[in-house]
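Written out below as structure tokens is the structure these notes cover.
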Amino acid sequence: MDVSHILDPLNDAQREAVSAQDQNLLIIAGAGSGKTRVLTHRIAWMVQVEGTSPYGILAVTFTNKAAAEMRGRIEHLMGAPAGGMWVGTFHGIAHRLLRAHWQEANLPKTFQILDSDDQYRVIKRILKSLDLDESQYAPREAQWFINAKKDEGLRADKLHDNGDHHLHELIRIYKIYEEQCQRGGMVDFAELLLRTHELLNNVPSVLEQYRRRFSKILVDEFQDTNTIQYSLLKLLAGNESSMFAVGDDDQSIYGWRGAKIENIHQYNRDFANVRTVRLEQNYRSTKTILGASNALISNNSDRLGKELWTDGSEGDLITVYTAFNERDEANFVIQQITKWMDEGNPRNESAILYRSNAQSRVFEEALIRQRIPYRVYGGLRFFERMEIKDALAYMRLIANRDDDASFERVVNTPTRGIGQRTLEILRATANENKKSLWQAAVIIMENKLLPARAATALHAFLVLINDMSKGSDNLPLHELAEQTIESSGLKEHFKKEKGEKGSARIENLDELITAARSFIQSEEEADLDPLSAFLSHASLEAGEQQGSEWEDCVQLMTLHSAKGLEFDTVFLCGVEEGLFPHQRSVDEPGRLEEERRLCYVGMTRAKKHLFISHAEMRRLHGSDNYCTPSRFISEIPKEYVNEVRPMTSMTPSYNHKTKAKPSSAIKIEVEITDGLKLGQRVTHAKFGEGVIVNYEGHGSHARVQVNFNHAGSKWLVAAYANLATV
DNA sequence: CGCAGCACCTTTTTT
DNA sequence: AGGTGCTGCG
């Protein structure tokens, strides 16, 4: 067998990892060191050189995107579809196992997946029914609690309150939630993993079957595994299988949702003779960017130890820009991007990264003003939209009448006269009889427990769902979707919603029909009927953003969503104390180190140019705040940095600020000409309201640059512009 | 039962 | 500032 196509493109360390004979490996793969390449080449090596059957391979990732990419690259490398191989996310794989063994897992065959929004609603309903003080028991907190416990593998009956009343109540909520989910055949994301873990743990024959099958297990982003995921891997691997874990402790940024870096150490203890291979050669960034990133991350303790290096050029210095406010920051960034585009570079090789989603707005406004196409990642995804979830809830009821979450969602959407009162009776009946809401409704109808009017309304709903369900088996998926949207009254309902929002919803509903039409059931979902497959797909892969995806766009996203990506030019924005590191992280050393890793992740996204900016003043939640530069900026050695202050040669004295009392709007103490200051809000007869962001000259010669809210940025001669202060 | 106005809160995100 | 969720009213 000619193996040159597998080994030739690799460096020594990569080659060592790919061709290692050891049973268990830990690959510490630094940013840009070719991690995915190593994973895919390892698989090709096992199949084409060692003769492993693809059937025996399990490759696990965290996101659908990563799974899709890996699958694609494996097929490309091996020149054949990855038949029989399991490549998927933890949740996707768990779902598959539960489907295959629903009986052993004590689930109904038609169990439905709850996304976090569904879960939130169920929990909120429980809190209501328990009549708990909502200020003390926030649904979010209860949801967080339940998920955290499940992630640790703990069921409600394993928990002890130790006399703590609050904890006692949370456990009680957890317990009731478990019961309701079980009754309705509803499985949330954490439950997928926990249930799978229990399945393997409790049913030796099933465990045996998969242990024998998966002789090779590969895990991506190992540093992001939480307790239950790690435990699942350990269980599946047993003593015989071989593990290939790839991760980077310096890029662990999900500790706040249960990821345990310690699993890397634990792996060394739990698995036999783990051989560690370090990938430290970086193929992405310049020496400057890498040097700065290395210096930054060296401030963290407890690292596994790793220093990235590169053969590449020094590259440009990192620009650190001190903006005077968030608008100035945005303008600077956009100015740099414009320059970049003028040099003939593609827009989508530039990315604006920030700590929190709220920061995107200022950049969006600036980009719109300059008519630069952009794309914001994150936010609501297709299958998470209200109208889509409504339509899906009808379809889910068709598939499974006992799905209480869906029942609650649409029983009175659109409004059909089933009110709070009626629902309360339904819930009470359901609780008493330990039945689903649907079954309770049937009981109520049979025993005539409702006033005539409500009974008619409820009856109409039951008939509606039954009618919709009739013949749905033979209907192609998209026709079912279409019929659902029509006869549920959803289309009518949203048509009434005025303005652009309503028409957007109608468009989305049409899009759902399109999605149903183009939905292709994958081979591994062959055990499901098309409707169930489609519904699982909707929950498990909430769907990438709406269109314009492939257009050449400036990329905007949070630092978290930037992990795994790379761009020629990266703007790291809002790098200020309190924002980044985030206020809620500064007090705890562990959290602070995670913020630092986040900064490291952000910096190492850049291939050629890195810009870091911070504003001296930032409008946040409606009020102005003075901000100091982030400690992370000072952790970057000066020799890598080129400091830039706002515009031109006239550096105004606000750098050595004479801080005014922080009460009135903006108080930069530089007067340009009578009454006009940098940062001053002004109105112009034609351009409307704006802010002065820059100026040239003094007195009657002064020209000021004003960022107008709607008219964009303009240079005006102060003497003629007739600017009124606000 | 449905709507409109008010109070509240605000990190990061995948599945 | 802006969105969401709840309360109170029609």
Side-chain angles (χ1 to χ4, degrees), chain A residues 60-67 88-95 113-121 124 128 134-135 138-140 144 147 150-151 187-194 196 221 224-226 228-229 252-259 326 353-362 365 377-381 383-384 386 412-423 453-454 457 496-497 501 536-544 557-564 574 578-586 591 594-595 597-599 601-602 618-624 709:
Chain A
V60 198
T61 64
F62 276 82
T63 66
N64 291 302
K65 200 167 140 211
T89 63
F90 273 103
H91 293 84
I93 282 158
H95 183 228
I113 299 171
L114 294 187
D115 71 15
S116 31
D117 180 61
D118 302 328
Q119 185 188 37
Y120 178 80
R121 285 159 173 268
K124 202 162 79 179
K128 268 239 166 76
E134 276 198 49
S135 61
R140 289 265 167 246
W144 185 267
N147 287 335
K150 285 192 181 187
D151 284 345
V187 175
D188 62 50
F189 289 134
E191 182 76 23
L192 281 171
L193 303 177
L194 180 53
T196 303
E221 306 279 15
D224 286 338
T225 51
N226 62 30
I228 194 79
Q229 287 162 338
S252 160
I253 55 176
Y254 287 110
W256 53 273
R257 63 171 201 222
E326 76 279 356
L353 309 182
Y354 35 79
R355 177 67 231 273
S356 66
N357 281 312
Q359 288 169 255
S360 74
R361 231 193 73 232
V362 192
E365 284 168 1
Y377 284 74
L380 260 200
R381 280 159 318 157
F383 286 109
E384 289 169 358
M386 173 170 66
N412 202 35
T413 314
T415 50
R416 49 172 70 87
I418 299 171
Q420 219 41 58
R421 196 63 259 231
T422 311
L423 264 174
R453 199 157 142 191
K496 273 187 247 152
E497 195 174 346
K501 238 178 183 158
S536 319
H537 167 82
S539 314
L540 237 35
E541 304 183 34
E544 263 303 287
M557 66 191 84
T558 62
L559 286 154
H560 282 89
S561 28
K563 189 160 89 158
L579 196 59
F580 187 31
H582 193 272
Q583 197 55 53
R584 296 178 67 161
S585 302
V586 289
R591 312 231 90 189
E594 182 156 309
E595 296 279 310
R597 291 193 292 270
L598 193 54
C599 188
V601 167
R618 181 173 295 274
R619 187 154 251 246
L620 217 56
H621 316 312
S623 57
D624 291 317
N709 296 358

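This structure is a prediction, so every number in the text was calculated from the model and none was measured. Chain naming here is simple, since letters A, B, ... match the order of the sequence lines and numbering starts at 1 in each.
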Checking all strands, does [X] fall into the base, sugar-phosphate, or nothing category for heavy-atom contacts under 4.0 angstrom?
X        : value
A:Tyr254 : sugar-phosphate
A:Asp224 : nothing
A:Ile418 : sugar-phosphate
A:Asn64  : sugar-phosphate
A:Ser539 : nothing
A:Asn412 : sugar-phosphate

Nucleotides bounding contact with chain A, strand DNA chain B, heavy-atom threshold 4.0 Å =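 Range of nucleotides within reach of chain A: B:dC1 to B:dT15.
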Going by heavy atoms in the side chains, are A:Leu579 and A:Leu620 under 4.5 Å from each other?
-> yes
Considering only heavy atoms from C-beta outward, does the side chain of A:His95 approach that of A:Ser536 to under 4.5 Å?
-> yes
Look at A:Arg591 together with A:Glu595 and state whether they make a salt bridge at an N to O cut-off of under 4.0 Å.
-> no
In terms of side-chain geometry, is the basic nitrogen of A:Arg381 or A:Asp115 positioned less than 4.0 Å from the acidic oxygen of its partner?
-> no
Note: for A:Arg591 and A:Thr415 on DNA chain B, the residue whose nearest nucleotide lies more 5' is A:Thr415
Select from A:Ala190 and A:Leu598 the residue whose nearest nucleotide in DNA chain B is closer to the 5' end of that strand.
-> A:Leu598
Specify whether A:His560 and A:Trp256 have parallel, tilted or perpendicular ring planes, treating 30° as the upper limit for parallel and 60° as the lower limit for perpendicular.
-> perpendicular
A:Gln420 CD to C:dT7 C1', straight-line distance once rounded to whole Å = 13 Å
Do the side-chain N and O atoms of A:Gln119 and A:Ser116 include a donor-acceptor pair separated by under 3.5 angstrom?
-> no
